[in-house]
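Worksheet: one structure, shown below.
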Amino acid sequence: MIEKAFDPAIAEKEIYAEWLRENLFHAADTSEKQPFSIVIPPPNVTGMLHMGHALNNTLQDLIIRFRRMSGDNTMWMPGTDHAGIATQNVVEKELEKEGKNREQLGREEFVERVWQWKGKYGGLIINQLKRLGSSCDWERERFTMDAGLSRAVREAFVRLYNDGLIYQGDYIVNWCPRCHTALSDLEVEYKETPGNLWHIRYPFADGSGEIIVATTRPETMLGDTAVAVNPTDARYSAVVGKKVILPLVNKEIPIIADDYVSPEFGSGAVKITPASDPNDFAMAERHHLEIVKVIGGDGTITAQGGAYAGQDRYQCRKSVVADLEAQGYLVKVEPYLHKVGGCSRCVTEVEPFVSRQWFVKMEPLAKMAIAAVVKGNTRIIPSMWEATYFDWLNNIRDWCISRQIWWGHRIPVWRCLNCEKIIVATDDPSCCPQCGESNLRQEEDVLDTWFSSALWPFSTTGWPEKTEALKTFYPTSLLITGFDILFFWVARMMMMGLYLMGDVPFRDVYLHALVRDEQGEKMSKSKGNVIDPLNMIDKYGADAFRFTLVAFTAQGRDVRMSEERIQGYKFFVNKIWNAARFTLINLEDFIPDSDYSSNSLPDRWIRSRLNKTIQEVTEALESYRFNDAAGGIYHFIWHELCDWYLELIKQTLYNKEDLAQRRATQAQLRTTFKTILQLLHPFMPFVTERLWKEFASGYIMVSDFPRHDPVANDAQAEAEMTMLQDVIGAIRNVRGEMGIATTKKLAVTVITEEVAVFTAGKAYIEALANCQQVVILDHTAPEPKGCATGVTVKAKVFVELGGMIDIASERVRLEKEVAKISKEIEAASQKLANEDFVQKASAAVVQKEEMRFQEAKEKLAFLQKALMRLKEFSS
RNA sequence: AGGCGGAUAGCUCAGUGGGAGAGCGCCACGCUUACACCGUGGAUGUCGCAGGUUCAAGCCCUGUUCCGCCUACCA
C-alpha cells in the first residue's frame, strides 16, 4: 500500500530522473505521427527562475504533455539566450570587484571570461526549469551563441544586407552613457520625472529684440543650430529668416519655420539641437542644419562645448543655468513634469546621440508580418492583442541592430584597409576580393541580442542547413510567451520567419499575462514582494504550484499569486492521494484482466460524468482556456468523484455477498481512477506518474490521453442521480439546520411519483444521509405527522424526530424556504403574465419558465401545509 | 494624446441575452475505518454609475467615474 501522504520532494526527483533515463522527452526528427512543436522563450543565461518563467513554462509543459499523450510527435525546444548587455554587465561587475575593467583585459580575453562565466552559472536556470517538471527535449538544447546559431545569424545578416534591408548610417539613436552602447527604441523605458522648463532669451543678431525659447535641457543649448517656429504663427512670421545670437556661445543661428513646432506650447519658439534630440535631428535633415555634438558618448561635454568641455551633462546643466541667469538670459523657470527615457538594463538616463549605426529597414518586413496575421496564418490568442500588434507594425521605425559592446554576435562586415572595399560575408574572409589585400578589419560592433532571438524558431533546428528536424518542426505549432515581448520578440520572429523561411514561425501565439502579487502589484526585488518559485516547489510540491498557476490563468487577466492559494492546491493533491489510497485498498483482491461491466446507478453516473469532464477539459485545453481546464478537473475529482461516487460505492465494495456486482464496481472504480490520473497528468505530472505505478506498468506521460465518447453520456443515470442527490441534500439540510449530529441515525419517509427510482436508490440515501430507515411511498400516501419536512423537485421528504421536534427552529427553517420559493414564484408568474414574453421568447424558454412555475407552486403548497401542521402540533 | 483591459460575495476571480456562481475566508456541528491537508450544513451581492436597445441585460449600445497597462517626437 502507498504511504499515508505524498512526499513531493523525493518523488519529484526520482520520477524526473526516470523520465530522463527512459528518454521520454525526446522527439524523433522524422515520424509517422503528426508533429507538434514549441520553442521555449529562451531565458537569459543570467536569469534565475522567477514567477514569469514558472507560469510561462508550466503552460508550455501542460500543452506539450497534453499533445504528447494525444499521440503527436511532440518537440519542445529548450535553450538560453546570451543576453548581450545584461550578461556583459554581470561580468563587468565581477571584474570591478577585482579592480579591473574590460578595457584592461582586452576584447578577446573579456569574451573568454564571459564564456567562463556562462559555463559556470549559465546552466542554473535550466536545472530550475527541470524542477518544474518541464518535459523539454533536452538533447536539443541550444544557446544563441552556439556555433550553429551564430552561423544562422551571419546568414540572416548577409541575406538582409544583400537584399538592401540592412544599411549603415549616421543617425541619432538612444545611447546609454553607462553601457556605452546604442539601444533600440524598445530598450528605452520612459518614466515620468519632475524637472523644469527653463525659458531663455535669444537676442536677435541685428539688435532689434529677442525671442524666448523654452527647454527642459538647457545644457544642450551649446549645440543649438537654429530656433524654430510654426510657419502659421503670426507672432513670429516677421522674424523667420532672422538670426539670433546664441547666448554663452556667441554664435549666430537662424530662425526657421517648421510644422513640427506647436504654437501652443511654451512661447511657441523652440531651440533646435540636432545632435541631442531626435525631433531636432529630423528637422536638421529637412532644413540642412549644422549638427554640433556637444555631449559625448560618455555623457560629458565635448570640446565643442567650449568653456564647459569635460563637465558631466548634469553638472553642465547647472553651470549653464547659472551663467544664463548671471548674464540676464534666463527669463523664468517653471517646474515641469516630463517623461525621461532610461536604459532598460541599467536605468541610466538615455542620451540621444548621433553616431554611425547599423539598421534593418523594417517596412517591407512589417508588411509581411501584418499580412500573415490578417490572413490567419498565425493566430494571436487572446485576439485583443492583434490590434496592438498591427498598430506597432504599422508605425514601425527602422531597427538599430548594432551595439557597442563585446559580448554578442560580431557584425560580419569587414573593411579592406587597402582599398576600403566593404566585405559582407558568412565566412571570415582571408583577403579582399577586390584588391587581394589580406589586411582586413572587422566591424567592431555586435548585433542586438534580439537579432539572434528573432531566428530562434528555425535556427534551433539547424537553419540554414535543410535538416530533417527543420522540415518536420517548422512552422512550429505554438508559441507561449508574455505579452511584454510581443514587439521585442514575437513580431520580429514573424518578420524573420516570413522573410528567411517563407512561412510564419508559428501557427498560434498564446500571450499570457504578468504574475503579480496578491495586491496586484508587479513583483520586484525592491518592493520585496517576490515569491520565489523554487521555494514554493520546496514547500508545496511542483504539482500544487503548477496547478495554481494554471488555475489562475484566465485569458487577458493578470495572475495574482499568493502562497495561500498554492497551499489550497496542495490540499487538492492530498485529496487525490487519499482517493488513490481508498481505491487501492479496495482493489487489493481485484484481478483486473477479466471483463466486467456494471450497470449500477453510481457506475453509470460516474461514467457519464467522467466522459463529460474529459470533453470539457480537452476542449478547454484546445482553446487555451487554462483556468476552465483546471477548474473542470478539480470540480470533477473533488465534488463528483470524491464527494459522491466513492461514498456511493462503499456499500458495494464492502459487500462480499454480491461478488459479481462488487467486481464490476471495482473494475469501474479502477478505470475511472486511471482515467482521471491521465486527465490530470499534464497539470500534475509528478503525483500522477507516482500513482500510475500502482495501477499500470509503463509511464503515464506516454500513455494515451482519454478521449470522450459522445455516446457514453447517460442522461437517464444523471437524472436519477440528481433525484437522489436532492433528497440526500434535503435530509442533510434538516440535520444541519436542526443541529442534529451527523452521527445520529434518522428515520425518513420519502413520498414521490418516482417510486421505482427511489426504491432502487434507497440504500444510497440511507448511507449518504446516515439514516437507519428510509421508507419510500407513492404520492397518494398520507403524509406522516410530527416530522421536519423538506421538498425537492421529485419528492417530499419527512424526517422523523420522534416527537422531539424543535418547533421554533423548524418554523424558522420552513419560513426561510417559503420566502425563497415565493420569490421564485413571483418572478416566474410575472414573466408568464407578460404577453410579450409568451409571444416573443422562444418556446423552450417559455416552457422552462412554466415548468419552474409549476414546480415552485407545488413546493410552496407543500411547505405551507407543513407550516400549518406545525402550528396545530404546537397548540 | 491615443489604444487596450478591469470594476460581480469579506478576499481572489469565473460567468458574452433567459433561474447571480466557484475557490479561499467566515459561522455551526462532527476525529463516521481514503483524507481534520477532512466531512456536513449555513450566512453573504442596488454585478462601478447614468441612460438606451430588448418580451428579457452582469452580459449588447451610448455616456461617465475610478484603477491598471501599452503605445506616442510636443520642446
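Only this structure's heavy atoms are used, side chains among them; waters, hydrogens and symmetry mates stay out. Reminder, nothing fancy here: chain letters follow the sequence lines and each chain counts from 1.
Residue A/Tyr654 places at least one side-chain N or O under 4.0 Å from the OP1 or OP2 atom of B/A34. The phosphate of B/C24 (OP1 or OP2) has no side-chain N or O of A/Trp638 nearer than 4.0 angstrom.
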Under 3.5 Å donor-acceptor pairs involving side-chain atoms of residues 819-832 of chain A, not counting sequence neighbours:
{"from": "A/Ser822", "atom 1": "OG", "to": "A/Val818", "atom 2": "O", "distance (Å)": "2.6"}
{"from": "A/Ser829", "atom 1": "OG", "to": "A/Ile825", "atom 2": "O", "distance (Å)": "3.1"}
{"from": "A/Ser829", "atom 1": "OG", "to": "A/Glu826", "atom 2": "O", "distance (Å)": "3.1"}

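For A/Arg670, the salt bridge (charged side-chain N to carboxylate O under 4.0 Å, His left out) criterion is met by no residue, not counting sequence neighbours. For A/Glu264, there are no salt bridge (charged side-chain N to carboxylate O under 4.0 Å, His left out) partners at least two apart in sequence or on another chain. With sequence neighbours left out, the salt bridge (charged side-chain N to carboxylate O under 4.0 Å, His left out) criterion links A/Asp628 to A/Arg625. Remark: A/Asp398 engages no residue in a salt bridge (charged side-chain N to carboxylate O under 4.0 Å, His left out) (not counting sequence neighbours).
Taking the ring axis of A/Phe6 as reference, the NZ or CZ atom of A/Arg690 does not stay both within 45° of it and closer than 6.0 Å to the ring centre.
Of the candidate nucleotides B/U71, B/C55, B/G30, B/U71 has the atom lying nearest to any side-chain atom of A/Phe487. Distance from the side chain of A/Phe552 is smallest for B/U12 among the nucleotides B/U12, B/C24, B/C55. Closest approach to the A/Asp628 side chain among B/A14, B/U12, B/A34 is made by B/A14 (side chain taken as heavy atoms from C-beta onward).
When the nearest nucleotides of RNA chain B are assigned to A/Ala5 and A/Asn578 by heavy-atom distance, the more 5′-ward of the two goes with A/Asn578.
Residue A/Phe572 is classed as having no contact, given no heavy-atom separation below 4.0 Å to the nucleic acid. The residue A/Gln847 sits apart from the nucleic acid: no heavy atom pair falls under 4.0 Å. Across all strands shown, A/Lys745 has no heavy atoms under 4.0 Å from either base or sugar-phosphate atoms.
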A/Glu616 and A/Thr613: side-chain hydrogen bond (donor to acceptor under 3.5 Å, both in side chains), yes or no, with the steps? CA-CA 5 Å; A/Glu616 188 187 341; A/Thr613 304; 5.0 Å; no
Restricting to nitrogen or oxygen on both sides, can you table the protein-nucleotides 40-45 of chain B pairs closer than 3.5 Å?
{"from": "B/G42", "atom 1": "OP1", "to": "A/Asn733", "atom 2": "ND2", "distance (Å)": "2.9"}

Got a list of protein N/O to nucleotides 73-75 of chain B N/O distances below 3.5 Å?
{"from": "B/C73", "atom 1": "O4'", "to": "A/Asn279", "atom 2": "OD1", "distance (Å)": "3.3"}
{"from": "B/C73", "atom 1": "O2'", "to": "A/Asn279", "atom 2": "ND2", "distance (Å)": "2.5"}
{"from": "B/C73", "atom 1": "N1", "to": "A/Asn279", "atom 2": "OD1", "distance (Å)": "3.1"}
{"from": "B/C73", "atom 1": "O2", "to": "A/Asn279", "atom 2": "OD1", "distance (Å)": "3.0"}
{"from": "B/A75", "atom 1": "OP2", "to": "A/Tyr336", "atom 2": "OH", "distance (Å)": "2.7"}
{"from": "B/A75", "atom 1": "O2'", "to": "A/Ala214", "atom 2": "O", "distance (Å)": "2.9"}
{"from": "B/A75", "atom 1": "N6", "to": "A/Ser262", "atom 2": "O", "distance (Å)": "2.7"}
{"from": "B/A75", "atom 1": "N6", "to": "A/Phe265", "atom 2": "O", "distance (Å)": "2.7"}
{"from": "B/A75", "atom 1": "N1", "to": "A/Ser262", "atom 2": "N", "distance (Å)": "3.3"}

Can you name the atoms? Protein N/O to nucleotides 57-61 of chain B N/O, anything below 3.5 Å, with the distance.
none

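Of the C1' atoms belonging to B/U16 and B/C35, the separation is 39 Å, rounded to the nearest Å.
Here the C1' atom of nucleotide B/C69 and the CD1 atom of A/Ile485 are 17 Å apart, to the nearest Å.
Ring planes of A/Tyr634 and A/Tyr569: perpendicular class, angle over 60° (limits at 30 and 60°).
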Within the 4.0 Å limit for protein heavy atoms, which parts of nucleotides 17-22 of chain B are touched? Write it as a string from 5' to 3', B for base, S for sugar-phosphate only, - for none. -BB---
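The side-chain hydrogen bond (donor to acceptor under 3.5 Å, both in side chains) pairs that include a residue from residues 836-856 of chain A are A/Glu849-A/Arg852, where partners are two or more places apart or lie in different chains. Each salt bridge (Lys or Arg N to Asp or Glu O under 4.0 Å) pair with one or both residues in residues 636-649 of chain A, not counting sequence neighbours, appears once here: A/Arg609-A/Glu640, A/Glu647-A/Lys650.
Under 3.5 Å, the side chain of A/Lys575 and the base of B/C37 form no donor-acceptor pair of N or O atoms.
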Given Watson-Crick or G-U pairs with both distances under 3.5 Å, what dot-bracket string fits RNA chain B, with | for other-strand pairs and [ ] for crossing? ((((((((.[[[[.)..(..]]]].(((((.......))))).....[[[[[..)....]]]]])))))))....
